[in-house]
Asker: 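The following block contains the structure, expressed as structure tokens.
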There are 2 protein chains.
Amino acid sequence: MKIGDAAREAGLPVKTVRYYADIGLVDPQGRSESGYRDYDAAAVAKLRFVSRTRRFGFSIPECRELLSLYADDGRESADVKRLAEAKIAELDTRLAELTDLRNELVRVATACAGDGRPDCPILERFAALDSSGG
Amino acid sequence: MKIGDAAREAGLPVKTVRYYADIGLVDPQGRSESGYRDYDAAAVAKLRFVSRTRRFGFSIPECRELLSLYADDGRESADVKRLAEAKIAELDTRLAELTDLRNELVRVATACAGDGRPDCPILERFAALDSSGG
DNA sequence: ATAAAGGTTCCAGCAACGGGAGACTCAAGG
DNA sequence: CCTTGAGTCTCCCGTTGCTGGAACCTTTAT
């Protein structure tokens with residue numbers, strides 16, 4: 001199977017699949033005589049796996065680790081669970097930060113009249129001297 | 001005031017301040033005879049302003065726009081409010097995505113025994129054939 | 001006089017690809 | 001057989017917002 005079909009089956013851009021091959025994340029099964037990358041079912045499964053794990057917010061190195069766990073029949077599910085839980089904690093932190101940010105922005109935007117006057121609490125908030133205040 | 005002091009006052013790394021000067025986002029007031037960047041109070045205020053807006057999730061181009069609004073006495077607060085509200089909507093979208101992601105991960109992690117067995121619902125979930133399923 | 005601390009420039013690189021050039025290959029149609 | 005068009009190849013540059021390092025210069029303190 002050529003790269004275009006593999007990419008379509010995995011739901012990834014061709015460029016991305018080629019990139020994954022370049023960095024040795026998902027290698028094609030081999031090459032055709034004319035030099036085309038050749039993907040078999042196993043390689044496509046890995047691509048699909050990576051596609052999903054990427055969508056779950058895992059970095060390439062993390063995907064690499066998960067992929068090796070996936071490919072290794074003797075893997076310990078505890079390892080996988082540990083990775084997933086660490087990622088959940090990360091997401092929680094990020095969510096809290098983003099929520100704070102959003103509430104802060106809502107507060108200043110609400111205080112802003114939004115008319116044509118040059119006074120603007122948003123800008124004043126940004127320009128505030130202290131960077132600690134909420 | 002030299003770059004180090006300006007950076008400290010703005011709460012930014014020196015490298016970042018230099019970078020902002022390079023891209024013309026916040027220029028120093030001038031240069032000393034020996035070529036050192038010289039920051040006055042106005043420049044430091046701009047640095048602090050940018051530092052805050054960056055922390056609020058605005059991109060550099062957006063900061064540039066806000067900065068020009070900030071620097072322009074005749075600015076319209078409506079422009080600023082519009083920018084802030086667009087950013088809030090963005091944050092909401094991003095928050096929803098991250099929340100979905102997190103819940104999905106929690107679900108699969110919960111289903112995983114986490115013991116030494118090779119069975120792992122997390123990996124199976126990642127490896128799932130359909131990419132449409134919740 | 002000398003050493004440490006801080007400044008300068010430029011160059012390289014990070015994540016994770018995307019865009020596009022220029023050459024090649026393959027499948028179909030006339 | 002030839003042509004056309006789509007797909008593929010490699011290669012290199014660009015993105016975002018910095019960060020680190022090298023090699024050198026200036027200032028400050030002792």
Side-chain angles (χ1 to χ4, degrees), chain A residues 1-40 43-44 46-67 87 90-91 94 97 101, chain B residues 1-40 43-44 46-67 87 90-91 94 97 101:
Chain A
M1 179 187 298
K2 283 186 287 187
I3 196 170
D5 299 321
R8 208 168 3 263
E9 287 209 15
L12 289 170
V14 168
K15 275 274 190 183
T16 300
V17 175
R18 205 174 278 132
Y19 172 69
Y20 288 166
D22 284 347
I23 64 174
L25 179 60
V26 178
D27 289 318
Q29 180 223 350
R31 294 277 186 149
S32 75
E33 278 188 34
S34 55
Y36 285 15
R37 288 176 186 79
D38 186 23
Y39 289 84
D40 59 3
V44 171
K46 286 186 187 178
L47 284 176
R48 205 156 28 213
F49 181 90
V50 169
S51 173
R52 293 187 70 76
T53 47
R54 286 289 299 137
R55 254 178 285 157
F56 270 77
F58 290 88
S59 69
I60 296 283
E62 284 167 335
C63 284
R64 209 182 283 273
E65 188 168 359
L66 284 168
L67 196 55
K87 180 55 65 178
E90 252 179 60
L91 284 177
R94 188 91 188 106
E97 285 171 4
L101 199 59
Chain B
M1 180 185 299
K2 285 187 286 188
I3 198 169
D5 299 321
R8 209 167 3 261
E9 288 209 14
L12 289 170
V14 170
K15 277 272 190 184
T16 300
V17 176
R18 204 173 281 130
Y19 171 71
Y20 288 166
D22 284 348
I23 64 173
L25 179 60
V26 179
D27 289 318
Q29 179 221 351
R31 294 276 185 148
S32 76
E33 279 188 32
S34 56
Y36 285 14
R37 288 174 184 81
D38 187 22
Y39 289 85
D40 59 1
V44 170
K46 286 185 186 178
L47 283 176
R48 206 155 28 213
F49 181 91
V50 169
S51 173
R52 293 186 70 74
T53 47
R54 287 287 301 138
R55 254 177 284 153
F56 272 78
F58 290 89
S59 69
I60 296 284
E62 283 167 336
C63 284
R64 209 183 282 273
E65 188 169 357
L66 284 168
L67 195 56
K87 182 54 66 177
E90 251 179 59
L91 283 177
R94 187 87 189 110
E97 286 172 2
L101 200 58

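Residue numbering restarts at 1 for every chain, and letters A, B, ... go by the order of the sequence lines. Hydrogens, waters and symmetry mates play no part in the numbers below; they use all other heavy atoms, side chains included.
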Asker: Give the B/S/- string for nucleotides 11-23 of chain D, one per nucleotide from 5' to 3', where a protein heavy atom under 4.0 Å of the base yields B, of only the sugar-phosphate yields S, and otherwise -.
Answerer: B-----BBSBB--
Asker: For the residue pair B/Gly24 and B/Arg64, what are the closest heavy atoms and their distance?
Answerer: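 Answer, listing the atom of B/Gly24 first, then B/Arg64: O-NH1, 3.4 Å.
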Asker: So if I apply the side-chain contact (heavy atoms from CB on, under 4.5 Å) rule between A/Val26 and each of A/Leu67, A/Val44, A/Val17, which one comes out positive?
Answerer: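 Option passing the side-chain contact (heavy atoms from CB on, under 4.5 Å) with A/Val26: A/Leu67.
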Asker: Is the shortest side-chain N to carboxylate O distance from A/Lys2 to A/Asp5 below 4.0 Å?
Answerer: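 Salt bridge between A/Lys2 and A/Asp5, a charged N being under 4.0 Å from a carboxylate O: no.
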Asker: Show the nearest heavy-atom pair for residues B/Arg48 and B/Glu9, with the distance to one decimal.
Answerer: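 Nearest pair, atom of B/Arg48 first, then B/Glu9: NH1-O, 3.8 Å.
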Asker: Could you tell me from which nucleotide to which nucleotide of DNA chain C, 5' to 3', there is an atom under 4.0 Å from chain A heavy atoms?
Answerer: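 The contact span of chain A on DNA chain C goes from C/dA16 to C/dC26.
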Asker: For residues B/Gly11 and B/Ser51, report the shortest heavy-atom separation together with the two atoms involved.
Answerer: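 Shortest heavy-atom contact: O-OG, 4.4 Å.
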Asker: With the criterion being N/O to N/O and under 3.5 Å, what pairs connect the protein with nucleotides 26-30 of chain D, and how long is each?
Answerer:
from   : atom 1 : to      : atom 2 : distance (Å)
D/dT26 : O4'    : B/Tyr36 : OH     : 3.3
D/dT26 : O3'    : B/Ser34 : OG     : 3.4
D/dT27 : OP1    : B/Ser34 : OG     : 3.2

Asker: Provide, to the nearest angstrom, the distance between the CD1 atom belonging to A/Ile3 and the C1' atom belonging to D/dA6.
Answerer: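 Result: 15 Å.
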Asker: Provide the closest heavy-atom pair for B/Tyr20 versus B/Arg54 in the form atom of the first, atom of the second, distance.
Answerer: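 Distance-wise, the nearest heavy atoms are OH-CG, 3.6 Å.
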Asker: Is there a side-chain contact between B/Thr53 and B/Glu62 (heavy atoms, below 4.5 Å)?
Answerer: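 The answer is no, as the side chains (C-beta and beyond) never meet within the 4.5 Å cut-off.
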Asker: Measure from CZ on B/Arg37 to P on D/dC25 and round the result to the nearest Å.
Answerer: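 Interatomic distance, CZ of B/Arg37 to P of D/dC25: 17 Å.
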Asker: Say you draw a straight line from CD1 of B/Ile3 to CG of B/Leu47; how long is it, rounded to the nearest 0.5 Å?
Answerer: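 Separation between the atoms: 8.5 Å.
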Asker: Between the side chain of B/Asp38 and the main-chain N/O of B/Met1, is any donor-acceptor distance below 3.5 Å?
Answerer: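 Answer holds: yes.
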Asker: Go through the steps for B/Leu66 and B/Phe49 under the test side-chain contact (heavy atoms from CB on, under 4.5 Å), then give the verdict.
Answerer: CA-CA 9 Å; B/Leu66 284 168; B/Phe49 181 91; 4.1 Å; yes
